[in-house]
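To keep things clear, I will list the structure first and then write my remarks on it.
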Amino acid sequence: MKRAGEKITVLTAYDYPFSRLIADAGIDMILVGDSVGSVFSGHDNTLPVTMDEMIYHTRAVVRGADKTLVVSDMPFMSYQTDLRDARYNAGRLIKEGGAQAVKLEGGEPMAETIRSIVAIDIPVVAHVGLTPQSVHRMGGFRVQGREDEQARRILADARAVEEAGAFAIVLEGIPSDLAREITASVTIPTIGIGAGVDCDGQVLVIHDILGLCDKYSPKFVKRFADISSTVSAGIGDYIREVKAGEFPTEEHSFK
Ligand code: KIV
């Protein structure tokens, strides 16, 4: 698709119903993101997410999307400790979760880890730039690569993960011109989030595009629907009808 100039579409999913809707709409790839920690569990960041939680959500997503490529995120501390842990936990997401590939955060320092997972035939998506698991080092969720030195490092990160065997790279929260330069200088697809239009594809969090989570609204998010108001209206009607004795009617009762 990169060679053909066809944009790659990616959305996150964490459960069966959304996974079915997303897959049936014709998405190219579903990411079971560790953003599940924020948009599903209500944490302030992704750091508390566990392997067992990722496996649980990955299973549900795979059930809804059996013909779509499903990539599962490796949560914080599931791959940073050593290569054995990284291989073992990547294997769990494939074997127990049913994903076809895993994603992990980090550039050059993670090259050895990516190489080690790819060596046991588990495809890896890399993730560079704004890496949410490094929130404390970055001092918040801040755009990365605005200064020359940092931009050079992110470009080197992208080249290192390609060289290590990653089959795609998520570029998050970097200036558009840096994303364009990276996209032109690697042969694997770049999937942008807050990285401008010149990436080979785009990924967003499903709750963000549907207006399901308004805790944070980063500049790069576009709301394509507002299902919060539909859901609230439906719940409000239910409460009103039950209180008024209007529900259930004969139609919803047994004789
Ligand atoms: O966890 C996630 O959802 C992600 C994407 C936003 C890239 O890593």
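Order of listing sets the numbers, starting from 1, for every ligand and every atom in it.
- Near I193, the atoms of ligand 1 lying under 4.0 angstrom from a non-hydrogen atom of the residue are 6 (C).
- Atoms of ligand 1 lying under 4.0 Å from at least one heavy atom of G33, given by number and element, are 1 (O), 2 (C), 3 (O).
- In terms of protein heavy-atom proximity, atom 5 (C) of ligand 1 is nearest to L31 CD2, 3.6 Å.
- Set against the non-hydrogen atoms of D73, the atoms of ligand 1 under 4.0 Å away are 1 (O), 2 (C), 8 (O).
- Residue E250 qualifies as open at atom CD: its count of foreign heavy atoms under 6.0 Å is 12 or below.
- Every residue meeting the side-chain contact (heavy atoms from CB on, under 4.5 Å) condition with R137, not counting sequence neighbours, appears here in chain and number order: T131, S134, Q144.
- Interface of T12 with ligand 1, defined as ligand atoms under 4.0 Å from a residue heavy atom, comprises 3 (O).
- At a threshold of 4.0 Å, the pair E112-R115 counts as salt-bridged, since one of the basic side-chain nitrogens sits closer than that to a carboxylate oxygen.
- Counting heavy atoms under 4.0 Å from ligand 1, residue V36 does not touch it at all.
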Please tabulate, for side-chain N and O atoms in residues 90-101, each donor-acceptor pair with protein atoms closer than 3.5 Å (sequence neighbours left out).
| from | atom 1 | to | atom 2 | distance (Å) |
| --- | --- | --- | --- | --- |
| R92 | NE | E96 | OE2 | 2.7 |
| R92 | NH2 | D52 | OD1 | 3.0 |
| R92 | NH2 | E96 | OE1 | 3.1 |
| Q100 | OE1 | V70 | N | 2.8 |

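- K103 counts as a contact of ligand 1, since one of its heavy atoms falls under 4.0 Å from the ligand.
- Around CZ of R223, the count of heavy atoms belonging to other residues, nucleotides or ligands within 6.0 Å exceeds 12.
- The nearest protein atom to atom 3 (O) of ligand 1, hydrogens excluded, is given as S35 OG, 2.5 Å; this is a heavy-atom distance.
- Under the 6.0 Å cut-off for aromatic ring centres, H207 and Y14 qualify, their centroids lying closer than that.
- Here L204 has no heavy atoms under 4.0 Å from ligand 1, in either its backbone or its side chain.
- In this structure, F141 places its CZ atom where more than 12 heavy-atom neighbours from other residues, nucleotides or ligands lie under 6.0 Å away.
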